[in-house]
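Each chain gets a letter, A, B and so on, in the order the sequences are listed, and its residues count up from 1. Heavy-atom basis, side chains included; hydrogens, waters and symmetry copies ignored.
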Number of protein chains: 2
Amino acid sequence: MVQKKKGPPNGDPPHKKEAAAAEPKRRGRPRAYEPEVALGKALDLFRTTGFAATSLDDLSAATGMNRPSLYGAFGDKRELYIKSYQRYRDNARALMGDIFRNDWPVRRQLEQIFASALDIYLSGEEGPRGCFTVMTAGSEAVADPDIRAMVQNALTELDKAFGHCFRRAKEKGELAENADPAVLAQLASATIHSIAVRARARVPRKELEAIVAGAIDVMLGGK
Amino acid sequence: MVQKKKGPPNGDPPHKKEAAAAEPKRRGRPRAYEPEVALGKALDLFRTTGFAATSLDDLSAATGMNRPSLYGAFGDKRELYIKSYQRYRDNARALMGDIFRNDWPVRRQLEQIFASALDIYLSGEEGPRGCFTVMTAGSEAVADPDIRAMVQNALTELDKAFGHCFRRAKEKGELAENADPAVLAQLASATIHSIAVRARARVPRKELEAIVAGAIDVMLGGK
DNA sequence: GGAATTTAGTGCGAAATGGTACAAAAAAAG
DNA sequence: CTTTTTTTGTACCATTTCGCACTAAATTCC
(Lines give C-alpha, C1' and ligand atoms only; values in the text may rest on other atoms or scores of the structure.)
Protein backbone atom coordinates (compact mmCIF):
# COMPACT_ATOMS: atom_id res chain seq x y z
CA MET A 1 0.00 0.00 0.00
CA VAL A 2 2.93 2.28 -0.13
CA GLN A 3 3.40 1.93 -3.85
CA LYS A 4 1.57 4.89 -5.28
CA LYS A 5 1.22 6.63 -2.00
CA LYS A 6 -1.00 9.33 -3.46
CA GLY A 7 -0.40 11.99 -6.04
CA PRO A 8 -0.30 15.27 -4.20
CA PRO A 9 -2.17 17.66 -6.48
CA ASN A 10 -0.96 20.73 -4.66
CA GLY A 11 2.48 22.18 -4.08
CA ASP A 12 5.91 20.67 -4.51
CA PRO A 13 6.16 19.49 -8.07
CA PRO A 14 9.04 16.99 -8.20
CA HIS A 15 11.40 19.38 -9.92
CA LYS A 16 11.46 22.67 -8.12
CA LYS A 17 14.80 23.49 -6.63
CA GLU A 18 15.49 19.96 -5.51
CA ALA A 19 18.76 20.06 -3.65
CA ALA A 20 17.89 23.06 -1.54
CA ALA A 21 16.82 22.68 2.05
CA ALA A 22 13.20 22.97 0.99
CA GLU A 23 11.92 19.97 2.90
CA PRO A 24 8.58 18.66 1.63
CA LYS A 25 7.17 18.53 5.16
CA ARG A 26 8.21 15.34 6.81
CA ARG A 27 5.63 13.30 8.56
CA GLY A 28 6.54 12.53 12.18
CA ARG A 29 8.37 14.28 14.95
CA PRO A 30 10.94 16.71 13.58
CA ARG A 31 14.63 15.98 14.00
CA ALA A 32 16.40 17.84 16.73
CA TYR A 33 19.66 17.90 14.75
CA GLU A 34 20.91 18.73 11.30
CA PRO A 35 22.52 15.68 9.75
CA GLU A 36 25.14 17.71 7.90
CA VAL A 37 26.22 19.54 11.03
CA ALA A 38 26.23 16.39 13.11
CA LEU A 39 28.36 14.55 10.58
CA GLY A 40 30.80 17.42 10.66
CA LYS A 41 31.10 17.12 14.41
CA ALA A 42 31.62 13.40 14.17
CA LEU A 43 34.31 13.97 11.58
CA ASP A 44 36.07 16.44 13.85
CA LEU A 45 36.07 13.93 16.66
CA PHE A 46 37.24 10.99 14.59
CA ARG A 47 40.03 13.14 13.21
CA THR A 48 41.42 13.85 16.65
CA THR A 49 40.95 10.52 18.41
CA GLY A 50 40.78 7.97 15.62
CA PHE A 51 38.34 5.11 15.31
CA ALA A 52 38.98 2.83 18.25
CA ALA A 53 39.54 5.51 20.85
CA THR A 54 36.33 7.34 19.99
CA SER A 55 33.37 5.95 21.88
CA LEU A 56 29.75 6.26 20.92
CA ASP A 57 29.26 8.32 24.04
CA ASP A 58 31.89 10.76 22.83
CA LEU A 59 30.20 10.94 19.45
CA SER A 60 26.85 11.38 21.11
CA ALA A 61 28.15 14.26 23.17
CA ALA A 62 29.87 15.91 20.22
CA THR A 63 26.92 15.70 17.88
CA GLY A 64 24.26 16.38 20.47
CA MET A 65 22.42 13.28 19.30
CA ASN A 66 21.80 10.39 21.63
CA ARG A 67 23.02 6.99 20.66
CA PRO A 68 19.80 5.58 19.18
CA SER A 69 19.43 8.66 17.00
CA LEU A 70 23.03 8.34 15.90
CA TYR A 71 22.43 4.77 14.98
CA GLY A 72 19.25 5.55 13.11
CA ALA A 73 20.80 8.36 11.15
CA PHE A 74 24.21 6.97 10.26
CA GLY A 75 24.26 3.28 11.12
CA ASP A 76 26.78 1.73 13.45
CA LYS A 77 30.12 3.15 14.46
CA ARG A 78 32.01 1.87 11.48
CA GLU A 79 29.47 3.24 9.03
CA LEU A 80 29.61 6.60 10.73
CA TYR A 81 33.38 6.53 10.50
CA ILE A 82 33.27 5.75 6.81
CA LYS A 83 30.71 8.46 6.16
CA SER A 84 32.87 10.91 8.07
CA TYR A 85 35.86 9.98 5.99
CA GLN A 86 33.85 10.34 2.81
CA ARG A 87 32.82 13.78 3.90
CA TYR A 88 36.42 14.70 4.64
CA ARG A 89 37.50 13.56 1.23
CA ASP A 90 34.69 15.41 -0.48
CA ASN A 91 35.76 18.59 1.24
CA ALA A 92 39.40 18.09 0.36
CA ARG A 93 38.61 17.22 -3.23
CA ALA A 94 36.46 20.28 -3.65
CA LEU A 95 39.14 22.52 -2.18
CA MET A 96 41.88 21.10 -4.38
CA GLY A 97 39.69 21.19 -7.43
CA ASP A 98 39.07 24.89 -6.95
CA ILE A 99 42.76 25.59 -6.86
CA PHE A 100 43.87 23.33 -9.68
CA ARG A 101 41.12 24.63 -11.92
CA ASN A 102 42.69 28.07 -12.01
CA ASP A 103 45.11 28.86 -14.77
CA TRP A 104 47.91 30.01 -12.51
CA PRO A 105 51.62 29.32 -12.86
CA VAL A 106 52.70 26.07 -11.17
CA ARG A 107 54.46 27.77 -8.34
CA ARG A 108 51.38 29.70 -7.39
CA GLN A 109 49.22 26.60 -7.61
CA LEU A 110 51.56 24.58 -5.45
CA GLU A 111 51.79 27.33 -2.89
CA GLN A 112 48.02 27.50 -2.66
CA ILE A 113 47.59 23.75 -2.39
CA PHE A 114 50.15 23.42 0.37
CA ALA A 115 48.74 26.42 2.21
CA SER A 116 45.28 24.89 2.13
CA ALA A 117 46.66 21.59 3.33
CA LEU A 118 48.33 23.30 6.25
CA ASP A 119 45.09 25.04 7.12
CA ILE A 120 43.33 21.71 7.28
CA TYR A 121 46.06 19.87 9.14
CA LEU A 122 46.69 22.56 11.73
CA SER A 123 43.07 23.28 12.59
CA GLY A 124 41.58 21.86 15.76
CA GLU A 125 40.87 23.23 19.19
CA GLU A 126 42.89 20.68 21.08
CA GLY A 127 45.91 20.76 18.87
CA PRO A 128 46.43 20.05 15.18
CA ARG A 129 44.86 16.92 13.82
CA GLY A 130 46.83 16.16 10.70
CA CYS A 131 45.32 14.39 7.75
CA PHE A 132 42.48 11.90 8.09
CA THR A 133 43.90 9.73 5.32
CA VAL A 134 47.41 9.64 6.66
CA MET A 135 46.62 9.27 10.34
CA THR A 136 43.46 7.53 11.40
CA ALA A 137 42.25 5.97 8.16
CA GLY A 138 45.74 4.69 7.48
CA SER A 139 45.66 2.91 10.81
CA GLU A 140 42.39 1.18 10.04
CA ALA A 141 43.47 0.37 6.50
CA VAL A 142 45.37 -2.72 7.58
CA ALA A 143 42.36 -4.48 9.01
CA ASP A 144 39.48 -3.10 6.99
CA PRO A 145 39.44 -3.66 3.22
CA ASP A 146 36.79 -1.03 2.56
CA ILE A 147 38.68 1.67 4.38
CA ARG A 148 41.86 0.51 2.72
CA ALA A 149 40.28 0.95 -0.68
CA MET A 150 39.27 4.47 0.24
CA VAL A 151 42.78 5.27 1.41
CA GLN A 152 44.29 3.87 -1.77
CA ASN A 153 41.86 5.97 -3.72
CA ALA A 154 42.78 9.09 -1.79
CA LEU A 155 46.48 8.48 -2.41
CA THR A 156 46.16 7.94 -6.13
CA GLU A 157 43.81 10.87 -6.50
CA LEU A 158 46.36 13.15 -4.94
CA ASP A 159 49.10 11.79 -7.18
CA LYS A 160 46.91 12.26 -10.23
CA ALA A 161 45.96 15.80 -9.36
CA PHE A 162 49.57 16.81 -8.89
CA GLY A 163 50.52 14.87 -12.01
CA HIS A 164 48.00 16.78 -14.07
CA CYS A 165 49.27 20.03 -12.63
CA PHE A 166 52.89 19.30 -13.48
CA ARG A 167 52.09 17.98 -16.92
CA ARG A 168 50.30 21.16 -17.77
CA ALA A 169 53.17 23.18 -16.38
CA LYS A 170 55.62 21.34 -18.55
CA GLU A 171 53.51 22.00 -21.62
CA LYS A 172 53.55 25.64 -20.74
CA GLY A 173 57.32 25.54 -20.47
CA GLU A 174 57.41 26.19 -16.76
CA LEU A 175 59.50 23.13 -16.03
CA ALA A 176 62.90 21.94 -17.14
CA GLU A 177 63.08 19.78 -20.25
CA ASN A 178 64.15 16.68 -18.40
CA ALA A 179 61.59 17.03 -15.61
CA ASP A 180 59.31 14.04 -15.13
CA PRO A 181 55.83 15.19 -14.08
CA ALA A 182 54.93 11.84 -12.53
CA VAL A 183 57.99 11.85 -10.31
CA LEU A 184 57.44 15.44 -9.31
CA ALA A 185 53.84 14.61 -8.47
CA GLN A 186 54.94 11.86 -6.15
CA LEU A 187 57.35 14.23 -4.48
CA ALA A 188 54.59 16.74 -4.01
CA SER A 189 52.38 14.05 -2.51
CA ALA A 190 55.22 13.01 -0.25
CA THR A 191 55.54 16.59 0.94
CA ILE A 192 51.84 16.58 1.75
CA HIS A 193 52.21 13.35 3.69
CA SER A 194 55.19 14.67 5.53
CA ILE A 195 53.62 17.91 6.69
CA ALA A 196 50.53 15.96 7.74
CA VAL A 197 52.65 13.78 9.99
CA ARG A 198 54.66 16.66 11.35
CA ALA A 199 51.59 18.78 11.98
CA ARG A 200 50.19 16.04 14.18
CA ALA A 201 53.38 16.14 16.22
CA ARG A 202 52.83 19.87 16.73
CA VAL A 203 55.67 21.08 14.55
CA PRO A 204 54.99 24.83 14.30
CA ARG A 205 53.51 26.23 11.14
CA LYS A 206 56.59 28.30 10.34
CA GLU A 207 58.72 25.18 10.09
CA LEU A 208 56.17 23.43 7.93
CA GLU A 209 56.03 26.42 5.63
CA ALA A 210 59.80 26.33 5.32
CA ILE A 211 59.67 22.68 4.37
CA VAL A 212 57.06 23.43 1.76
CA ALA A 213 59.06 26.30 0.34
CA GLY A 214 62.18 24.17 0.08
CA ALA A 215 60.29 21.34 -1.57
CA ILE A 216 58.74 23.67 -4.12
CA ASP A 217 62.14 25.08 -5.01
CA VAL A 218 63.58 21.65 -5.61
CA MET A 219 60.59 20.50 -7.61
CA LEU A 220 60.62 23.55 -9.85
CA GLY A 221 64.36 23.36 -10.28
CA GLY A 222 65.06 26.79 -8.86
CA LYS A 223 62.89 28.42 -11.47
CA MET B 1 71.39 -10.19 55.47
CA VAL B 2 71.65 -9.85 51.77
CA GLN B 3 74.46 -7.35 51.97
CA LYS B 4 77.52 -9.46 51.53
CA LYS B 5 75.66 -12.38 50.27
CA LYS B 6 78.70 -14.62 50.41
CA GLY B 7 81.75 -14.64 48.28
CA PRO B 8 81.31 -17.56 45.96
CA PRO B 9 84.75 -19.06 45.64
CA ASN B 10 83.79 -20.86 42.51
CA GLY B 11 82.40 -19.58 39.19
CA ASP B 12 80.87 -16.27 38.26
CA PRO B 13 83.19 -13.53 39.37
CA PRO B 14 81.28 -10.22 39.20
CA HIS B 15 82.97 -9.05 36.01
CA LYS B 16 82.99 -11.82 33.50
CA LYS B 17 81.08 -10.96 30.39
CA GLU B 18 78.59 -8.70 32.15
CA ALA B 19 76.04 -7.69 29.55
CA ALA B 20 75.64 -11.18 28.15
CA ALA B 21 72.75 -13.41 29.17
CA ALA B 22 74.86 -14.76 32.01
CA GLU B 23 72.29 -14.29 34.70
CA PRO B 24 73.68 -14.28 38.21
CA LYS B 25 71.17 -16.84 39.31
CA ARG B 26 67.95 -15.18 40.24
CA ARG B 27 66.36 -16.09 43.47
CA GLY B 28 62.74 -17.24 43.06
CA ARG B 29 60.74 -19.06 40.46
CA PRO B 30 62.26 -18.61 37.04
CA ARG B 31 60.47 -16.57 34.43
CA ALA B 32 58.59 -18.51 31.80
CA TYR B 33 59.29 -15.83 29.18
CA GLU B 34 62.19 -13.84 27.86
CA PRO B 35 61.50 -10.15 28.32
CA GLU B 36 63.26 -9.19 25.10
CA VAL B 37 61.25 -11.64 23.04
CA ALA B 38 58.00 -10.72 24.71
CA LEU B 39 58.59 -7.03 24.09
CA GLY B 40 59.22 -7.81 20.47
CA LYS B 41 55.89 -9.59 20.20
CA ALA B 42 54.12 -6.69 21.87
CA LEU B 43 55.77 -4.33 19.45
CA ASP B 44 54.60 -6.38 16.50
CA LEU B 45 51.06 -6.30 17.78
CA PHE B 46 51.01 -2.59 18.56
CA ARG B 47 52.37 -1.90 15.12
CA THR B 48 49.50 -3.64 13.41
CA THR B 49 46.56 -2.63 15.58
CA GLY B 50 47.68 0.57 17.27
CA PHE B 51 47.24 1.50 20.88
CA ALA B 52 43.52 1.70 21.51
CA ALA B 53 42.51 -1.31 19.45
CA THR B 54 45.02 -3.60 21.14
CA SER B 55 43.66 -5.17 24.31
CA LEU B 56 45.67 -6.59 27.14
CA ASP B 57 44.23 -9.98 26.28
CA ASP B 58 45.62 -9.66 22.77
CA LEU B 59 48.99 -8.71 24.19
CA SER B 60 48.80 -11.56 26.64
CA ALA B 61 48.11 -14.02 23.86
CA ALA B 62 50.84 -12.62 21.64
CA THR B 63 53.52 -12.60 24.30
CA GLY B 64 52.48 -15.82 26.00
CA MET B 65 52.47 -13.97 29.32
CA ASN B 66 49.33 -13.64 31.33
CA ARG B 67 48.12 -10.22 32.28
CA PRO B 68 49.57 -10.00 35.79
CA SER B 69 52.97 -11.02 34.46
CA LEU B 70 52.71 -8.45 31.72
CA TYR B 71 51.86 -5.85 34.24
CA GLY B 72 54.68 -6.85 36.54
CA ALA B 73 57.25 -6.88 33.79
CA PHE B 74 56.35 -3.78 31.79
CA GLY B 75 53.80 -1.79 33.77
CA ASP B 76 50.41 -0.84 32.43
CA LYS B 77 49.32 -0.73 28.83
CA ARG B 78 50.61 2.73 28.14
CA GLU B 79 54.03 1.95 29.58
CA LEU B 80 54.22 -1.18 27.51
CA TYR B 81 53.31 0.83 24.45
CA ILE B 82 56.00 3.37 25.14
CA LYS B 83 58.59 0.66 25.77
CA SER B 84 57.60 -0.98 22.52
CA TYR B 85 58.00 2.26 20.67
CA GLN B 86 61.37 2.83 22.29
CA ARG B 87 62.45 -0.59 21.17
CA TYR B 88 61.26 0.12 17.64
CA ARG B 89 63.22 3.31 17.54
CA ASP B 90 66.33 1.66 18.91
CA ASN B 91 66.15 -0.91 16.15
CA ALA B 92 65.62 1.69 13.48
CA ARG B 93 68.39 3.89 14.80
CA ALA B 94 70.83 1.01 14.88
CA LEU B 95 69.95 0.01 11.35
CA MET B 96 70.31 3.51 9.99
CA GLY B 97 73.48 4.08 11.90
CA ASP B 98 75.05 1.03 10.32
CA ILE B 99 74.29 2.30 6.87
CA PHE B 100 75.22 5.94 7.36
CA ARG B 101 78.48 4.97 9.01
CA ASN B 102 79.74 3.47 5.79
CA ASP B 103 81.76 5.64 3.49
CA TRP B 104 79.69 4.99 0.41
CA PRO B 105 78.57 7.46 -2.24
CA VAL B 106 75.30 9.22 -1.40
CA ARG B 107 73.28 7.37 -3.96
CA ARG B 108 74.28 4.05 -2.52
CA GLN B 109 73.57 5.18 0.99
CA LEU B 110 70.16 6.48 0.09
CA GLU B 111 69.31 3.31 -1.76
CA GLN B 112 70.26 1.24 1.25
CA ILE B 113 68.33 3.41 3.68
CA PHE B 114 65.17 3.32 1.62
CA ALA B 115 65.48 -0.41 1.02
CA SER B 116 65.78 -1.03 4.75
CA ALA B 117 62.80 1.19 5.38
CA LEU B 118 60.74 -0.79 2.90
CA ASP B 119 61.78 -4.01 4.57
CA ILE B 120 60.52 -2.72 7.87
CA TYR B 121 57.32 -1.21 6.56
CA LEU B 122 56.32 -4.15 4.41
CA SER B 123 56.96 -6.88 6.95
CA GLY B 124 54.09 -8.41 8.83
CA GLU B 125 52.11 -11.61 8.50
CA GLU B 126 48.73 -9.98 8.17
CA GLY B 127 49.75 -7.32 5.72
CA PRO B 128 52.30 -4.52 5.85
CA ARG B 129 52.36 -2.42 8.96
CA GLY B 130 54.01 0.81 7.92
CA CYS B 131 56.01 2.90 10.30
CA PHE B 132 55.34 3.01 14.03
CA THR B 133 56.16 6.70 14.21
CA VAL B 134 54.02 7.72 11.29
CA MET B 135 51.02 5.52 11.97
CA THR B 136 50.19 4.57 15.51
CA ALA B 137 52.45 6.85 17.52
CA GLY B 138 51.42 9.78 15.39
CA SER B 139 47.83 9.06 16.28
CA GLU B 140 48.53 9.06 20.00
CA ALA B 141 50.76 12.10 19.73
CA VAL B 142 47.83 14.50 19.82
CA ALA B 143 46.63 13.40 23.23
CA ASP B 144 49.79 12.21 24.95
CA PRO B 145 52.64 14.69 25.48
CA ASP B 146 55.22 12.00 26.24
CA ILE B 147 54.49 10.11 23.06
CA ARG B 148 54.40 13.36 21.17
CA ALA B 149 57.87 14.19 22.40
CA MET B 150 59.11 10.83 21.20
CA VAL B 151 57.55 11.34 17.81
CA GLN B 152 59.08 14.79 17.50
CA ASN B 153 62.39 13.29 18.41
CA ALA B 154 62.05 10.58 15.82
CA LEU B 155 61.23 13.13 13.14
CA THR B 156 64.13 15.42 13.89
CA GLU B 157 66.53 12.52 14.22
CA LEU B 158 65.62 11.35 10.75
CA ASP B 159 66.05 14.84 9.35
CA LYS B 160 69.41 15.16 11.05
CA ALA B 161 70.69 11.84 9.82
CA PHE B 162 69.78 12.66 6.24
CA GLY B 163 71.15 16.14 6.70
CA HIS B 164 74.49 14.81 7.81
CA CYS B 165 74.53 12.43 4.88
CA PHE B 166 73.85 15.16 2.33
CA ARG B 167 76.29 17.57 3.90
CA ARG B 168 79.06 15.05 3.65
CA ALA B 169 78.06 14.29 0.08
CA LYS B 170 78.30 17.93 -0.81
CA GLU B 171 81.74 18.18 0.72
CA LYS B 172 82.79 15.25 -1.40
CA GLY B 173 81.44 17.01 -4.48
CA GLU B 174 78.67 14.54 -5.10
CA LEU B 175 76.00 17.22 -5.14
CA ALA B 176 75.40 20.29 -7.24
CA GLU B 177 76.88 23.55 -6.03
CA ASN B 178 73.54 25.14 -5.27
CA ALA B 179 72.10 22.08 -3.49
CA ASP B 180 70.87 22.72 0.04
CA PRO B 181 71.54 19.68 2.24
CA ALA B 182 68.88 20.63 4.76
CA VAL B 183 66.19 20.88 2.11
CA LEU B 184 67.25 17.63 0.52
CA ALA B 185 67.15 15.98 3.92
CA GLN B 186 63.59 17.06 4.44
CA LEU B 187 62.69 15.70 1.04
CA ALA B 188 64.30 12.41 1.89
CA SER B 189 62.36 12.31 5.16
CA ALA B 190 59.19 13.13 3.28
CA THR B 191 59.85 10.23 0.95
CA ILE B 192 60.21 7.97 3.98
CA HIS B 193 56.94 9.23 5.40
CA SER B 194 55.23 8.78 2.08
CA ILE B 195 56.27 5.18 1.51
CA ALA B 196 55.32 4.39 5.10
CA VAL B 197 51.81 5.64 4.47
CA ARG B 198 51.52 3.91 1.13
CA ALA B 199 52.89 0.65 2.45
CA ARG B 200 50.15 0.56 5.03
CA ALA B 201 47.60 0.90 2.25
CA ARG B 202 49.16 -2.15 0.59
CA VAL B 203 50.75 -0.35 -2.33
CA PRO B 204 52.96 -3.05 -3.87
CA ARG B 205 56.68 -2.94 -3.28
CA LYS B 206 57.48 -2.40 -6.93
CA GLU B 207 55.58 0.87 -6.92
CA LEU B 208 57.22 2.00 -3.74
CA GLU B 209 60.61 1.24 -5.18
CA ALA B 210 59.77 3.28 -8.23
CA ILE B 211 58.81 6.21 -6.03
CA VAL B 212 62.08 5.89 -4.16
CA ALA B 213 64.09 5.74 -7.38
CA GLY B 214 62.42 8.83 -8.75
CA ALA B 215 62.91 10.73 -5.52
CA ILE B 216 66.59 9.85 -5.41
CA ASP B 217 67.08 11.03 -8.97
CA VAL B 218 65.50 14.37 -8.23
CA MET B 219 67.45 14.80 -5.00
CA LEU B 220 70.76 14.05 -6.63
CA GLY B 221 69.99 16.23 -9.60
CA GLY B 222 70.32 13.42 -12.15
CA LYS B 223 73.88 12.74 -11.09
C1' DG C 1 64.34 -30.50 54.45
C1' DG C 2 62.49 -25.85 55.54
C1' DA C 3 62.37 -20.76 54.97
C1' DA C 4 62.54 -17.13 51.77
C1' DT C 5 61.72 -15.27 47.40
C1' DT C 6 60.14 -14.65 42.91
C1' DT C 7 57.02 -15.81 39.29
C1' DA C 8 52.75 -18.12 37.23
C1' DG C 9 47.96 -18.52 36.85
C1' DT C 10 43.16 -18.20 38.22
C1' DG C 11 39.72 -15.35 38.90
C1' DC C 12 37.27 -11.27 40.48
C1' DG C 13 35.27 -6.61 40.13
C1' DA C 14 34.37 -2.14 38.64
C1' DA C 15 33.94 0.49 34.67
C1' DA C 16 33.26 1.26 29.88
C1' DT C 17 31.54 -0.03 25.43
C1' DG C 18 28.45 -1.06 21.43
C1' DG C 19 24.06 -1.85 20.50
C1' DT C 20 18.95 -2.04 21.15
C1' DA C 21 14.05 -2.30 23.26
C1' DC C 22 10.56 0.48 24.58
C1' DA C 23 7.79 4.18 25.98
C1' DA C 24 7.04 9.17 25.62
C1' DA C 25 6.84 13.13 22.54
C1' DA C 26 5.96 15.87 18.51
C1' DA C 27 4.41 16.61 14.23
C1' DA C 28 1.14 15.70 9.97
C1' DA C 29 -3.01 13.36 8.11
C1' DG C 30 -7.72 12.09 8.34
C1' DC D 1 -9.88 14.65 18.36
C1' DT D 2 -7.88 10.40 16.83
C1' DT D 3 -4.67 7.90 14.14
C1' DT D 4 -0.31 7.47 11.97
C1' DT D 5 4.35 8.35 11.53
C1' DT D 6 8.80 9.67 12.85
C1' DT D 7 12.06 10.95 16.29
C1' DT D 8 13.62 11.41 21.12
C1' DG D 9 15.36 9.78 25.41
C1' DT D 10 15.67 6.54 29.15
C1' DA D 11 17.02 2.35 30.47
C1' DC D 12 18.92 -1.90 29.82
C1' DC D 13 21.88 -5.96 28.33
C1' DA D 14 25.72 -8.62 26.95
C1' DT D 15 30.43 -8.20 26.24
C1' DT D 16 34.84 -6.44 26.69
C1' DT D 17 38.42 -4.17 29.08
C1' DC D 18 41.80 -2.98 32.53
C1' DG D 19 43.74 -3.71 36.57
C1' DC D 20 44.67 -6.25 40.72
C1' DA D 21 44.17 -9.69 44.80
C1' DC D 22 45.27 -13.99 45.98
C1' DT D 23 46.83 -18.71 45.75
C1' DA D 24 49.86 -22.18 43.73
C1' DA D 25 54.29 -23.29 41.84
C1' DA D 26 59.26 -23.23 41.24
C1' DT D 27 63.64 -22.07 42.52
C1' DT D 28 67.66 -20.54 45.76
C1' DC D 29 69.55 -20.01 50.34
C1' DC D 30 70.42 -21.81 54.84
Please list all pairs passing the ring pair (Phe, Tyr, Trp, His ring centres under 6.0 Å) test where one or both residues lie in residues 125-157 of chain B, with sequence neighbours left out.
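Checked against ring pair (Phe, Tyr, Trp, His ring centres under 6.0 Å) - neighbours excluded - the pairs reaching residues 125-157 of chain B are B/Y81-B/F132, B/Y85-B/F132, B/Y88-B/F132.
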
Pairs in or reaching into residues 133-160 of chain B: which pass ring pair (Phe, Tyr, Trp, His ring centres under 6.0 Å), with residues at least two apart or in two chains?
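Pairs touching residues 133-160 of chain B that pass the test: none.
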
Going by heavy atoms closer than 4.0 Å, what residues in residues 60-67 of chain B are next to DNA chain C?
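Heavy-atom contacts with DNA chain C come from B/N66, B/R67.
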
Under 3.5 Å, sequence neighbours excluded: what are the donor-acceptor pairs made by side chains of residues 207-216 of chain A?
| residue | atom | partner | partner atom | Å |
| --- | --- | --- | --- | --- |
| A/E209 | OE2 | A/R205 | NE | 3.0 |

Suppose we screen for salt bridge (charged side-chain N to carboxylate O under 4.0 Å, His left out). Which residues come up paired with [X], at least two apart in sequence or across chains?
X: A/E36; value: A/R87
X: B/D146; value: B/R78
X: A/R93; value: A/D90, A/E157
X: A/E34; value: none

Does C/dG18 have OP1 or OP2 sitting under 4.0 Å from an N or O in the side chain of A/Y71?
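For A/Y71, the contact criterion (side-chain N or O under 4.0 Å from OP1 or OP2 of C/dG18) is not met.
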
Please determine if a side-chain N or O atom of B/S69 lies less than 4.0 Å away from the OP1 or OP2 oxygen of C/dT7.
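For B/S69, the contact criterion (side-chain N or O under 4.0 Å from OP1 or OP2 of C/dT7) is not met.
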
Expressed as a whole number of angstroms, how long is the span from [X]:[atom1] to [N]:[atom2]?
X: B/L70; N: D/dC20; atom1: CG; atom2: C1'; answer: 14 Å
X: A/R31; N: D/dG9; atom1: CZ; atom2: P; answer: 14 Å
X: A/F74; N: D/dT7; atom1: CZ; atom2: C1'; answer: 14 Å
X: A/L59; N: C/dT17; atom1: CG; atom2: P; answer: 11 Å

Looking at residues at least two apart in the chain, or sitting in another chain, which of them share a side chain to side chain donor-acceptor pair (under 3.5 Å) with A/D58?
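For A/D58, the residues satisfying side chain to side chain donor-acceptor pair (under 3.5 Å) (neighbours in sequence not counted) are A/S55.
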
Counting side-chain heavy atoms from CB outward, which of [options] is closest to [X]?
X: A/P30; options: C/dA27, C/dA4, D/dA21; answer: C/dA27
X: A/D76; options: C/dG19, D/dA21, C/dA29; answer: C/dG19
X: B/A32; options: C/dA8, D/dG9, C/dG11; answer: C/dA8

Not counting sequence neighbours, list each pair that qualifies as a salt bridge (Lys or Arg N to Asp or Glu O under 4.0 Å) and has a residue in residues 38-54 of chain B.
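Residue pairs with at least one partner in residues 38-54 of chain B: B/D44-B/R129.
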
Please tabulate the protein-to-nucleotide N/O contacts below 3.5 Å involving nucleotides 23-25 of chain D, giving atom names and distances.
| residue | atom | partner | partner atom | Å |
| --- | --- | --- | --- | --- |
| D/dA25 | O4' | B/R29 | NH1 | 3.4 |
| D/dA25 | N3 | B/R29 | NH1 | 3.2 |

Between the side chains of A/D159 and A/T156, is a donor N or O closer than 3.5 angstrom to an acceptor N or O?
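No, because no side-chain N or O of A/D159 sits under 3.5 Å from a partner of the opposite role on A/T156.
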
Is there side-chain contact between B/R89 and B/N153, with heavy atoms separated by less than 4.5 Å?
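Yes, their side chains come closer than 4.5 Å.
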
Using a strict heavy-atom distance below 4.0 Å, which residues from residues 33-58 of chain B are in contact with DNA chain D?
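When residues 33-58 of chain B is checked for heavy atoms under 4.0 Å from DNA chain D, the hits, listed by number, are B/T54, B/S55, B/L56.
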
